[in-house]
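None of the values given here were measured: they were computed from a predicted structure. Atoms within a ligand are numbered from 1 in the order they appear, just like the ligands themselves.
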Amino acid sequence: MVKYVFVTGGVVSGLGKGVVTASIAKLFQFRGLNVDVIKMDPYLNVDPGTLNPIEHGEVFVCDDVWEFEPAPGYRFRIAEVDQDFGTYERFLDKNMHPSNNITSGQVYLSVILRERVGEYLGKTIQVIPHITGEIKQRIRAVAQRNNPDALLIEVGGTVGDIEAMPFLEAIRQLRLEEGVGNTALIHVTLVPFLETVGQFKTKPTQHSVKVLQSSGLQPDIIIGRSMGELTQDVREKIGLFCNVPVEAVISDPDLDVIYELPLRFESQGLGDYLCKILRLDVGRDEGALKAWREVVNLYTSAEGEVAVLMPGKYTLIQDSYISINMALDHAGAFNGIRVRRTYLDTELYERDSKKFYDLLESSDGILLTPGFGSRGVEGMIEAARYALKNDKPFLGICFGCQLLFIAFAREVLGLGDANSTEIDPGTRHPVVDLLPEQRCEKVLGGTMRLGAHPIRILKDTKLYEAYRSELVYERFRHRYHLNPNYVKSAEQKGLKISATDVEGKMVNAIEIVGKKWIIGVQFHPEFKSRPYRPSPVYYSFIRELVARKSAGEGRR
Ligand code: GLN
């Protein structure tokens, strides 16, 4: 029998609810239980694929592509999911399925299209019971497909949001139907610390629990997100006003290493408390706990630092490149070093080129980021050109790889106006062009080349040194690719194809022959990087930075 654990958020967004949800799932794993996680997103987009990363954070890509069939005769491909799925995968070492991301868009689409094909003949279609029924059905479909011991369901947004109402109502109904002891509700709220009075303030938490209660939901556990550990008196006050026992009020303090959160929860007794209310009679697997402690130690014991510059276009918020940030951290930890990341908004190239070049120069390595569209793109190409000319270690991801190829074509092949047709559709030298199968594609949602694909890695390349395997699977999210017509001439001038698809037709990675560590990959290795298993490419990139740094220090 599946136990359902719901996680809602209160007071403000951006509390790190995804990390909390993943950490709670980890507590079940510490007890040898199987877990699965659902994220319910109240926005009306069908999937986050068309959202701007500055507004919503990174779009995560799963291994699998899901053929979503909202009603007979209608099909949509979904592989792009909320960034929280990256957190779940990293914490739980589990490949998540795209159908675990339930959006309001999907729910309404299903109900409305089914009404059109006549599934509800004679009935008035309403939020209750049809929308709520569809939400419950989607949750139960995940429970049935994977049959986990515990299914965590994170609700996006903040309680009180109008669009989240049907989700809360569905939870209320589901809790009633599943019965006492089979569900738990965890509410994550902000407990601000007011410097002027030197106190934690509980009122926002009290208010947000009241909002939940007015939807018929009483939380079992309250997790207080705060600057530091909540004091005993604050926990007692929250317990009293929010109607939960004091041991069910848990601290979620700021942490340097997020992977420590499951251990913080465990030491507060959250794992045992949850199992008690869910009537799960299981003991703790000390080995699993110890293994996780060792993972955390890797991150706390890293010493010294290397500086990676990330030129790109979505530099306003950290979350836009969250999987890349994490992959760099993983690679750093396994090299025993911290990675200092600096984002560079490449529009700076047009505004203040001196500052732009200073930043490139002061970095130990450059990671050219993924992206879409033409804003800031000349600065990104210039960053790649700088790496080529100045022998700066360089890793280009997807768009970053395409722009490296453009920089190479301009700088080395002498094609001054080489470009991608994404940026300049009329370019004389389309060195990056639409994938053949994309030429007749008119619709933008879920139609890119998505999901995991096999990649053939060529021997005697730096990429092979990184992977030590001729066949790997990595995830893709692109519409354009390196134009094979330009590859031959590039190969004569010092560029090497280091990976293709299995047929050997599509170029999946390039590098510069010789000592320069300059690699571009058409895929997104960051999506499969885990805190205990860094991505081989990222690991090699950081290892190169460390090696150069210590060689440089040796010289001095
Ligand atoms: N815009 C490019 C493409 O569609 C790169 C996409 C990306 O970086 N994910 O191919």
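Evaluated for a side-chain contact (heavy atoms from CB on, under 4.5 Å) with R341, the options L309, L367, N325 yield exactly one hit, N325.
A salt bridge between R439 and D433 is present, with a side-chain N of the basic residue lying under 4.0 Å from a carboxylate O of the acidic one. One finds a salt bridge joining R530 and D93 here, because a Lys/Arg side-chain nitrogen approaches an Asp/Glu carboxylate oxygen to under 4.0 Å. Between K462 and E465, none of the side-chain N atoms (NZ, or NE/NH1/NH2) sits under 4.0 Å from a carboxylate O, so this pair counts as no salt bridge. Salt bridge D84/K17: absent, no basic N to carboxylate O contact under 4.0 Å.
Residue contacts with ligand 1: H481 is excluded, as none of its non-hydrogen atoms falls under 4.0 Å. Ligand 1 lies within reach of H524, whose nearest heavy atom is under 4.0 Å from it.
Contacts of Q402 with ligand 1, taken as heavy-atom pairs under 4.0 Å, involve the side chain alone.
Taking every heavy atom of H478 and a limit of under 4.0 angstrom, the matching atoms of ligand 1 come to 3 (C), 4 (O), 10 (O). When each atom of ligand 1 is checked for a heavy atom of P370 under 4.0 Å away, the hits are 8 (O).
Of the protein's heavy atoms, R479 N, 3.5 Å lies nearest to atom 3 (C) of ligand 1. Scanning all protein heavy atoms for the shortest distance to atom 10 (O) of ligand 1 gives Y480 N, 2.8 Å. In terms of protein heavy atoms, atom 9 (N) of ligand 1 is closest to R477 O, 2.9 Å.
Looking at ligand 1, you'll find an N or O of E422 within less than 3.5 Å of one of its N or O atoms. By the 3.5 Å distance cut-off applied to N or O atoms, C398 is not counted among the residues near ligand 1.
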Show every donor-acceptor pair shorter than 3.5 Å between a side-chain atom in residues 43-54 and any protein atom, with sequence neighbours excluded, or say none if there are none.
unit_1: D47; atom_1: OD1; unit_2: G49; atom_2: N; d: 2.7
unit_1: N52; atom_1: OD1; unit_2: I54; atom_2: N; d: 2.9

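The salt bridge (charged side-chain N to carboxylate O under 4.0 Å, His left out) test applied to D364 returns K549, not counting sequence neighbours.
Proximity of a side-chain donor or acceptor of K528 to a complementary backbone N or O of Y473 within less than 3.5 Å is detected.
Evaluated by nearest non-hydrogen atom to atom 5 (C) of ligand 1, the leading choice among G396, G371, G312 is G371.
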